Amino acid sequence: MTDTVATMTPLSRTQMAQRLAHDIPEGWYVNLGIGMPTQVADCVPAGREVIFHSENGVLGMGPAPAKDAVEPWMINAGKQYVTLVKGGAYVHHADSFAMIRGGHLDLCVLGAFEVAENGDIANWATSENDTAPAVGGAMDLAAGAKRLWVMMDHTTKDGRPKLVKRCSYPLTALGAVRRVYTNLAVLDVTPNGFAVVEMCPGLSFAELQARTEAELHKAG
Amino acid sequence: MTDTVATMTPLSRTQMAQRLAHDIPEGWYVNLGIGMPTQVADCVPAGREVIFHSENGVLGMGPAPAKDAVEPWMINAGKQYVTLVKGGAYVHHADSFAMIRGGHLDLCVLGAFEVAENGDIANWATSENDTAPAVGGAMDLAAGAKRLWVMMDHTTKDGRPKLVKRCSYPLTALGAVRRVYTNLAVLDVTPNGFAVVEMCPGLSFAELQARTEAELHKAG
Amino acid sequence: MIDKRVATIAEAMAGIPDGATVLVGGFGAVGQPNALIDGLIEQGAGGLTIVANNAGVGHVGLARLMELGRVRKIVCSFPRSSDSSVFEGLYRAGKIELEIVPQGTMAERMRAAGAGVPAFFTATAVGTKLAQGKETREIDGRTYVLECALPGDVALVEAWEADRWGNLTFRQSGRNFNPVMAMAGKTTVVQTQHLVELGELDPERVVTPGIFVDRVLHVPYGDPTGF
Amino acid sequence: MIDKRVATIAEAMAGIPDGATVLVGGFGAVGQPNALIDGLIEQGAGGLTIVANNAGVGHVGLARLMELGRVRKIVCSFPRSSDSSVFEGLYRAGKIELEIVPQGTMAERMRAAGAGVPAFFTATAVGTKLAQGKETREIDGRTYVLECALPGDVALVEAWEADRWGNLTFRQSGRNFNPVMAMAGKTTVVQTQHLVELGELDPERVVTPGIFVDRVLHVPYGDPTGF
């Protein structure tokens, strides 16, 4: 399954971020998880106002500062230096998570180890035997945001599918994922399972299915 | 029972307020209920810093403004114009009541219709048939403050006792009252019932008992 | 460009349906969104549930809305005031439903709605008639009553300053219920004394971030009068 | 005169007993009360339960406190970081207890402790191993888990400005857990970058009113470094 199909190039991370950012409408309040999703912020089309939230009490997060303009009191949930845009505001942790848990975020984008066809997501612990996994705000975000999109590679580095029938890793939330953006496809989570919205050019449905444990459907 | 004892003059409201204010130590955070207790703020001995809280989000409430210095945006829970002292702050209603309900107020002083010897207080509805009584913040204050003191006349206008065995009016809170300041006496609520701490000069214990339904004890 | 400003009271009130639960900010006259209440009177929705600290004064504002028969139920802590005769008349006539809630429980129930908490335990009202019929539980030796979240379909809020993203500040004791209701309203409509440019509000001083706000109407009416 | 300022770290730490639950503010290095943590190391209390977002980095601060065997249990959302080897070593050796809590649940549990809410329902963690053994309930068609308040005997907090009444402001993302922990701590100890005169803080801009604060120590250390 890890063989490269001659006519197909998987999306790069930047392309994945661009593809996802394309689908975020103006005016949405969005939280981007640590890691791969963070890049989405830089890919929002110019002139489109999207407001980014960070768990540590920053609403209206802007891009990373220039090296000589770092503000040491201004970090995001990934503990990277960030800026605040005009119109941004600071709140404390309970208020920040009230935004998340109270359903005020239009979108959260998380990375994941696995997404199941019923929308379950596993993204915080790599095994049941991982005795001290770090959950951070992932469970709050997955359960709280109006929509959860996942951004991840379609398979693991060694080619195992990450879109599965049922998650084998410890769950982050039940039935929360609405859409998945991978390096091979965009898929909606529907009552019937994964529906393929879009595929990487040059990739066939059968080839995508071969890289996916769960059964794929064509989007209506 | 309403006969005046020749040698005894009940405390005036101002004297009651002064007596109670005398017992508030420096540094306490205090909420004064609407009506009679409001006057306590003006009676705190000069130089003693006591911080007054008002339910509508004012911490550090100061005295009423001069007539020509009224700030129309600055009222207390009794909807009277007030001022803010140096060091005061504004909060919203949920934060204001977090101070009350979270046990952060050292003292609340309320008026009451009745106080029972077990510390029950009734101060919000005049009868079970009062179908639209106004509770305001009374139940939050009675249940939430570290201590509840009651300031009220010892008897009703027509001479009925207000310190009772069991409240007959609808309750505000169970077992909440610690101390009662009346125009005749200061009484602690103890596991054994009301203990008389102090009486109005010229009043005998028997005369006080005659004006009280609950059995009185002498404070140890 | 995100622009939550609306130009007219009709836009501010658009889409409020019959039967809606409407949270109305203010404590007494201070921080009370009078222009929005008048707009609601004009707009016509009926069968409303109103959540407000008081049940209206005189024959204006909330009292007028009730007098017009548009309020099915009121949820408040202090139904009586110097002149709450409209409410009292309707209530005695059985034409309006009343839910009395302790003021702090009311604030906390709305904060809970805004924070994703469907129910919580509190010591307030335990053993009183306001807790009758409610679930109680002993936790660490004290008895608590279970209270549920109080969300609004709409929140009507008054602010001191607002920008086009809906960031808000309030003035002195005009803050009161307004930020809490902004959190709890599915659609939050704000009337503001001052409209400022984006970036003018100090991010450390914003009380209600725009995420809790949907529409902003500029109503520079001046100082509150009367109670 | 109310004066919550203390002159020495010893006064700031006075009376913290063995077995205390200590809430420690900050997110990464930002808003972390390093001087107070060092003071706690110096002070000597052991058998502590530490509540903090992380489980310490390197061999300083919280990691040092753990390394000295003074921490019985840690409650946090993110025990692992770039260098959390002290915690991990102790944990593998069975020498420290760990309670992992979703970050928002942790914040809300402390806010609840400060607001008189002993327990509340939340959707976070439903169906996951962090909800195992906890009471669940279906409310309006959704399943929630019951979480209890998380109070501290002591809260260690970093502020940007403070006055002698303990009114606090914070700097940018240094706000994070600090105001919530200040509410939840029975005794709240603050280290502040700036001490200001009473009345200097704009009452509209105070984030933590002094009612939540017990002791204020002036620690003008400058900018946070490292994570």
Side-chain angles (χ1 to χ4, degrees), chain C residues 31 102-126 135-151 159-161 167-176 178-180 183 194 201-209, chain D residues 31 102-126 135-151 159-161 167-176 178-180 183 194 201-209:
Chain C
Q103 199 173 132
T105 296
M106 196 169 116
E108 188 70 15
R109 286 176 62 193
M110 288 188 281
R111 192 261 171 203
V117 171
F120 59 91
F121 286 99
T122 175
T124 295
V126 166
E135 178 178 338
T136 58
R137 183 181 298 204
E138 195 176 310
I139 301 173
D140 292 336
R142 189 169 187 189
T143 305
Y144 297 90
V145 60
L146 187 68
E147 295 281 358
C148 59
L150 180 55
W160 182 245
E161 299 162 296
N167 291 305
L168 308 181
T169 69
F170 301 90
R171 185 167 171 79
Q172 299 177 340
S173 76
R175 191 179 299 199
N176 57 63
N178 285 303
V180 182
M183 287 177 74
H194 302 281
L201 297 177
D202 177 353
E204 305 278 11
R205 207 170 56 87
V206 168
V207 173
T208 294
Chain D
Q103 199 172 133
T105 296
M106 196 170 116
E108 188 70 16
R109 285 176 62 193
M110 288 189 281
R111 191 261 170 203
V117 170
F120 60 90
F121 286 98
T122 176
T124 295
V126 167
E135 176 178 338
T136 59
R137 183 181 297 206
E138 195 175 311
I139 301 174
D140 292 336
R142 189 169 186 189
T143 305
Y144 297 90
V145 60
L146 187 67
E147 295 282 358
C148 60
L150 181 56
W160 182 246
E161 299 163 294
N167 292 304
L168 308 180
T169 69
F170 302 90
R171 183 165 173 83
Q172 300 178 342
S173 76
R175 192 180 298 198
N176 58 63
N178 284 304
V180 183
M183 287 177 73
H194 302 281
L201 296 178
D202 177 354
E204 305 279 10
R205 208 169 57 87
V206 169
V207 173
T208 294

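All of these numbers come straight from a predicted model, not from anything done at the bench. Each chain gets a letter, A, B and so on, in the order its sequence line appears, and its residues count up from 1.
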Checklist entry - Which residues, numbered in order, of residues 137-146 of chain D come under 4.5 angstrom of chain C by heavy-atom distance? => result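 R137(D), I139(D), Y144(D), L146(D), listed by number.
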Item to check | Which portion of E108(D) sits near chain C, non-hydrogen atoms under 4.5 angstrom | outcome: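 Just the side chain, heavy atoms under 4.5 Å.
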Checklist entry - Side chain of E204(D), backbone of Q172(C): donor and acceptor closer than 3.5 Å? => result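 Pair found, side chain donor or acceptor close to backbone of Q172(C).
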Next on the checklist: Could you measure the distance from the CZ atom of R111(D) to the CZ atom of R111(C)? Nearest 0.5 Å is fine.
Outcome noted: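 Between atom CZ of R111(D) and atom CZ of R111(C) there are 4.0 Å.
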